[in-house]
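Accompanying notes for the structure given below.
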Amino acid sequence: MKVLITCGPTWVPIDDVRVISNISSGEMGHLIAQVFQQKGHQVTLIEGPVTHELNDRKVKIIKYKFFDELARALKVELKKNYDIVVHAAAVSDFKVKGAAKKKISSKKPLFLNLIRTSKLIRDIKRLSPKSFLVGFKLESTLSLKNIFKETRSLFTDAGCDLVVANTLRNSYQGFIVNADGEILSKVSNKTLIAQNLVKLLS
């Protein structure tokens with residue numbers, strides 16, 4: 001199968017030298033890419049400014065840093081008829097309204113006006129309707145009682161076929177959920193989530 005995976009953090013600019021980012025490492029996307037590749041699938045990885053490089057020459061890597069770069073890369077790749085799209089990137093939910101084109105002086109207090117970014121995952125099915133779409137949801141806390149409530153919009157608004165819900169509170173927990181609210185997998189480490197996800201998709 002042809003598989004497209006996004007991973008890593010996404011920057012938005014404050015000025016021409018400063019950015020707002022998040023704590024995503026890209027590890028989850030790397031693990032999923034490696035498992036797919038090891039099973040003989042054709043893998044393309046759209047990778048943000050991750051903390052560790054993926055050293056696998058059999059995986060095609062497209063780099064991005066900023067939100068707009070990720071959006072452009074997705075639009076280009078989604079024209080290529082991927083069987084599966086795994087959107088694991090931690091996409092910026094906010095950007096600075098009127099980001100400065102030159103470095104802002106640090107001599108005075110700085111107040112930022114943040115506005116919402118567009119939800120890139122909502123464009124995936126529109127641009128590639130035949131692709132099987134896996135979305136990701138990271139929350140500070142998740143439980144068996146609220147997991148479907150937290151992930152429902154990814155099914156209804158983005159057309160996801162599966163969602164991987166994660167929480168980092170105290171220790172890692174990951175859940176794979178389908179559109180009927182069934183929990184197909186519940187594990188306590190990222191490697192098992194990657195393996196179980198690829199097994200389900202294969």
Side-chain angles (χ1 to χ4, degrees), residues 1-12 19 21-93 117-138 151 154-155 157-166 174 176-178 184-185 190-202:
M1 295 185 292
K2 287 179 63 179
V3 183
L4 178 66
I5 301 167
T6 68
C7 78
T10 310
W11 293 355
V12 292
V19 300
S21 186
N22 56 57
I23 63 172
S24 173
S25 66
E27 179 185 12
M28 178 64 77
H30 287 178
L31 289 170
I32 296 168
Q34 287 177 309
V35 178
F36 267 121
Q37 188 279 315
Q38 289 164 3
K39 291 187 176 294
H41 301 293
Q42 181 182 337
V43 181
T44 298
L45 182 68
I46 304 179
E47 180 188 80
V50 295
T51 57
H52 297 85
E53 296 297 324
L54 176 63
N55 296 314
D56 190 332
R57 294 182 180 180
K58 293 183 179 179
V59 175
K60 178 183 177 182
I61 297 177
I62 300 168
K63 296 289 293 183
Y64 75 87
K65 290 182 179 178
F66 291 92
F67 176 91
D68 291 344
E69 294 171 348
L70 171 58
R72 287 194 294 269
L74 265 176
K75 287 182 179 180
V76 171
E77 289 302 308
L78 289 172
K79 296 176 182 178
K80 299 180 181 180
N81 299 318
Y82 284 93
D83 298 296
I84 296 172
V85 178
V86 180
H87 190 43
V91 183
S92 302
D93 292 313
T117 57
S118 59
K119 292 290 186 183
L120 298 183
I121 194 168
R122 294 178 182 173
D123 295 329
I124 293 176
K125 279 286 193 177
R126 178 178 60 81
L127 296 170
S128 186
K130 293 183 180 180
S131 296
F132 191 97
L133 176 58
V134 180
F136 273 70
K137 181 72 171 178
L138 176 65
T151 59
L154 287 171
F155 295 110
D157 299 343
C160 287
D161 298 288
L162 288 179
V163 172
V164 178
N166 303 270
I176 302 174
V177 188
N178 68 15
L184 307 181
S185 180
K190 294 180 180 181
T191 299
L192 282 175
I193 274 286
Q195 292 172 347
N196 291 352
L197 178 63
V198 174
K199 184 178 180 180
L200 284 167
L201 296 175
S202 297

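Every value quoted in this text rests on a predicted model; they were computed, and no experiment measured them.
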Is there a side-chain contact between [X] and [Y], using heavy atoms and a 4.5 Å cut-off?
X	Y	value
Cys160	Phe136	no
Val59	Phe36	no
Leu74	Asp123	no
Phe132	Asp83	no
Ile121	Leu133	yes

Nearest 0.5 Å, please: how far is [atom2] in [Y] from [atom1] in [X]?
X	Y	atom1	atom2	value
Ile62	Ile5	CD1	CD1	12.0 Å
Leu197	Lys199	CG	NZ	12.5 Å
Asn178	Leu200	CG	CG	9.5 Å
Ile23	Leu138	CD1	CG	7.5 Å
Met1	His41	CE	NE2	4.0 Å
Thr191	Met28	OG1	CE	8.5 Å

For the pair [X] (side chain) and [Y] (backbone), establish whether a donor and an acceptor sit closer than 3.5 Å, ignoring hydrogens and angles.
X	Y	answer
Asn166	Gly174	no
Lys79	Leu127	no
Thr6	Ala88	yes
Ser185	Ile176	no
Ser21	Trp11	no
Thr44	Lys60	no

- request: Please list all pairs passing the salt bridge (charged side-chain N to carboxylate O under 4.0 Å, His left out) test where one or both residues lie in residues 62-76, with sequence neighbours left out.
  value: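 Salt bridge (charged side-chain N to carboxylate O under 4.0 Å, His left out) check on residues 62-76 returns Glu47-Lys63.
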Gln37, Gln34, Lys39 screened by side chain to side chain contact (heavy atoms under 4.5 Å, CB included) with Val198, the one that passes: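 Per the side chain to side chain contact (heavy atoms under 4.5 Å, CB included) rule, the option paired with Val198 is Lys39, out of Gln37, Gln34, Lys39.
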query: Quick one: which of Ile84, Leu201, Val177 gives a side chain to side chain contact (heavy atoms under 4.5 Å, CB included) with Leu162?
result: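 Testing each of Ile84, Leu201, Val177 against Leu162, the sole residue satisfying side chain to side chain contact (heavy atoms under 4.5 Å, CB included) is Leu201.
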Provide the closest heavy-atom pair for [X] versus [Y] in the form atom of the first, atom of the second, distance.
X	Y	result
Gly159	Lys125	O-CE, 3.1 Å
Gly26	Val50	CA-CG1, 3.8 Å
Ser128	Leu78	CB-O, 3.7 Å
Gly29	Cys7	CA-CB, 3.6 Å
Ser24	Pro9	O-CD, 3.4 Å
Leu70	Ala89	CD2-CB, 4.4 Å

message: With side-chain hydrogen bond (donor to acceptor under 3.5 Å, both in side chains) as the test, pick out the partner of Tyr82 among Lys2, Glu77, Gln42.
response: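 The single option meeting the side-chain hydrogen bond (donor to acceptor under 3.5 Å, both in side chains) with Tyr82 is Glu77.
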message: I'd like to know whether NZ of Lys119 has more than 12 heavy-atom contacts from other residues, nucleotides or ligands below 6.0 angstrom.
response: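 Open.
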message: I'd like to know whether NZ of Lys80 has more than 12 heavy-atom contacts from other residues, nucleotides or ligands below 6.0 angstrom.
response: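 Check passes, neighbour count above 12.
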